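Presented below is the structure to which this report refers.
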Amino acid sequence: MRIERLRLTDFRNYRELDLALPGGLLVFRGRNAQGKSNVLEAVSIAATSRSFRTTSEREVVRWSAPGHFARVEVAVARRGESLDVEVVITDTSPPGTGAPALPLPAAPALPAAPALPAALFRKRVRVNGTPRRAIDLLGQVTVVIFAPTHLDLVIGPPTERRRFLDMTLCQVHPPYCRALSQYHRVLTQRAALLRRIREREEDAHALAYWDDQLARLAVPIMRARASFIARAQEPAARLYTALAGEEETDTEEADTEEADTEEAGAPTEDAAHAIGTEAAPAREGPLRLIYRPSYTGPLVGDEAVVVADLVERLAHLRQREIAQGANVLGPHRDELAFLAGDVDLATYGSRGQQRSVALALKLAELAYIESETGDQPILLLDDVLSELDARRRADLLAAVRDLEQVLLTITDATDLPEEARARARMYRVRGGRIAAEAG
Ligand SMILES: Nc1ncnc2c1ncn2[C@@H]1O[C@H](COP(=O)(O)OP(=O)(O)OP(=O)(O)O)[C@@H](O)[C@H]1O
Ligand SMILES: [Mg+2]
């Protein structure tokens, strides 16, 4: 699918934007703080009703917006038909508590205002003019986003990887999303009950019902995650090899890229060499995605049998759960590991390798969403080229060459490989305005 038209009203630093967009590679070029990432953020909000940059969407309302609301409208071509999505975010915070009004030059520095509760904004979603709930927007317009912060997918805490799995699966399987939100409600109730049992305010028998609820929701969630990871394995490994592989080719090259030296100097790489007598490359191999659910029983087979097994394991964990007053087993404790051969890349990978893992995973996500829905998601690449060496930049752009629509932001035009430059549509972003560049 692709966006044919993007309209913004009082969104971030855009007062008014109306932009017709073709397919293919679209490059948004501009200096820092001009509004490049804001464009990608707007598209992500049209797709998911959420921002990939902030959890407090009221931030997107332009500071001096007279109506205290921001509007994102996209017209999307999907399977030959046109789809209109409109998301309006209203900042309902009381006057005076909003984001900075125009700062007075001589004003003394104010202490940073505490983050406002998320309840201080309202979101309204319309699809083809009909009001919809935000959750029903998921899956209409699908996007895959890659920004520098997505390195956290690899090196960040496990919650980052679970969020990735959930966002991917929610975009394609609405029942997954529903099960997930019910599961989180069960976790909250069950944890409260465990604490009451610990305080002897309640009998442990009351847990039977919640064990059953937890298991019934947990099993389809874990199965969906396992199935996605299994499906992502092949494309992720292929893309990782394309993006990170063949280090020996680099050493043969006459011109050594600066990024290579940076990689060689990364402390994590030294650690990899220090752990054993064997040289790290010999132990490395293709990328492997390893799903590590906290539930270690069999996930395949009759669902009722798996549910029963999980319930039984919960019974064994009873005393521990009561003592901790916490849910210790279930998909909220799942982990996903990235190995190259036997080497855990989160711990021992170089920065370049870790970035390649995150990118490969995102592109595998795109392939998965496409095969599940029959529609190719729009790819949003925020500021990725500046962090890659010349060869990887070319490899990445080659890997996404045939996609229907790719929105890419860059600050430095020289980061764009010649081949991509020749086929890209270029846009100049300056102070909340966008102009198509000639040629
Ligand atoms: N709610 C808002 N109202 C008005 N302006 C905003 C709002 N939120 C952010 N901005 C402004 O938007 C600009 C940042 O835009 P954006 O993040 O898109 O920059 P960018 O072009 O991607 O820059 P970089 O190259 O540094 O990533 C900043 O100047 C910021 O002050
Ligand atoms: Mg940016």
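Numbering of ligands and ligand atoms starts at 1, following listing order. The structure presented is a predicted model; accordingly, all values stated were derived computationally and were not measured.
Q34 and R31 share no donor-acceptor pair across their side chains, judged by distance under 3.5 Å alone. Between R433 and Y14, the side chains place no donor N or O within less than 3.5 Å of an acceptor N or O (distance only, hydrogens not considered). Side-chain atoms of E160 and H150 form no donor-acceptor pair, as typed in the model, at a separation below 3.5 Å. With hydrogens and angles left out, the side-chain atoms of D375 and T373 include no donor and acceptor closer than 3.5 Å.
Contact analysis leaves G30 out of contact with ligand 1, as no non-hydrogen atom separation drops below 4.0 angstrom. The shortest heavy-atom distance from T409 to ligand 1 is not under 4.0 Å. Proximity of V61 to ligand 1 is established by a heavy-atom distance of less than 4.0 Å.
Separating the CZ atom in R71 from the CZ atom in R126 is a distance of 9.5 Å, to the nearest 0.5 Å.
Among T411, D383, N38, the residue whose heavy atom sits closest to atom 12 (O) of ligand 1 is N38. With atom 17 (O) of ligand 1 as the reference point, the heavy atom nearest to it among Q34, K36, R53, E41 is part of R53.
For the Mg ion (ligand 2), the N/O/S atoms of S37 include one lying under 2.8 Å.
Close contacts of ligand 1 with S37, meaning ligand atoms under 4.0 Å from a residue heavy atom, involve 17 (O), 18 (O), 20 (P), 22 (O), 27 (O). Near R31, meaning under 4.0 Å from one of its heavy atoms, ligand 1 places the atoms 21 (O). Of all the atoms in ligand 1, the ones that sit under 4.0 Å from a non-hydrogen atom of G35 are 15 (O), 16 (P), 18 (O), 19 (O), 20 (P), 21 (O).
Heavy-atom contacts from other residues, nucleotides or ligands closer than 6.0 Å to CZ of R196 number more than 12.
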Next item on the list: List the steps and the verdict of side-chain contact (heavy atoms from CB on, under 4.5 Å) for V85 and V76.
Entry: CA-CA 8 Å; V85 174; V76 173; 5.7 Å; no
